[in-house]
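Here the structure is laid out as structure tokens; the discussion comes afterwards.
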Amino acid sequence: MSAETDTQTTAVYRVTGMTCGHCEGAVTAEISALPGVSSVKAVAATGEVTVVSAAPLQDEAVRAAVDEAGYELAGRA
């Protein structure tokens, strides 16, 4: 799922392996470091990560950030 506004794009990704608040924080920190990202909300209970950015992100960049946090990007929700 993704939506575009005049200034921002929202995309929802599925991440496997998150089980707690620490997991959410690790994923949030890594994705937040990507250029253009203004907001990240990771929810371990659902495995969903909502990302708001200035422009659509490359899936490979998101995958690399999630990998760096120690989790696996399963795709877009």
Side-chain angles (χ1 to χ4, degrees):
M1 173 180 173
S2 66
E4 292 186 35
T5 64
D6 290 339
T7 58
Q8 295 186 322
T9 298
T10 301
V12 180
Y13 299 92
R14 277 192 262 146
V15 174
T16 59
M18 294 190 301
T19 59
C20 64
H22 175 76
C23 301
E24 293 169 349
V27 169
T28 297
E30 291 297 333
I31 295 175
S32 292
L34 295 174
V37 172
S38 58
S39 170
V40 178
K41 179 175 174 137
V43 180
T46 62
E48 290 189 346
V49 180
T50 303
V51 181
V52 179
S53 56
L57 298 173
Q58 296 293 322
D59 286 345
E60 291 310 312
V62 176
R63 184 176 309 282
V66 171
D67 286 349
E68 184 66 27
Y71 305 94
E72 184 177 342
L73 180 67
R76 289 186 186 237

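- The shortest heavy-atom contact between Ala69 and Ala26 is CB-O, 3.7 Å.
- Hydrophobic cluster membership of Leu57, counting Ile, Leu, Val, Met, Phe, Trp and Tyr whose side-chain heavy atoms lie under 4.5 Å apart directly or via other members: Tyr13, Val15, Met18, Val27, Ile31, Leu34, Val37, Val40, Val49, Val51, Val62, Val66, Tyr71, Leu73.
- For the side-chain contact (heavy atoms from CB on, under 4.5 Å) test, residues two or more places apart in sequence or in another chain that qualify with Ala74 are Arg14, Thr16.
- Contacts of Asp59 classified as side-chain hydrogen bond (donor to acceptor under 3.5 Å, both in side chains), with partners at least two apart in sequence or in another chain: Arg76.
- Every residue two or more places apart in sequence or in another chain was checked for a side-chain hydrogen bond (donor to acceptor under 3.5 Å, both in side chains) with Ser32, and none qualifies.
- Counting all heavy atoms, side chain and backbone alike, Thr19 lies closest to Ala44 at C-CB, 3.8 Å.
- Summarising the geometry of Gly17 relative to Cys23, their closest heavy-atom pair is O-SG, 4.3 Å, with the distance given to 0.1 Å.
- Evaluation of the side-chain contact (heavy atoms from CB on, under 4.5 Å) rule for Ser39 yields Val52 as partners, not counting sequence neighbours.
- Judged as a salt bridge (Lys or Arg N to Asp or Glu O under 4.0 Å), not a single pair has a partner in residues 21-48 (not counting sequence neighbours).
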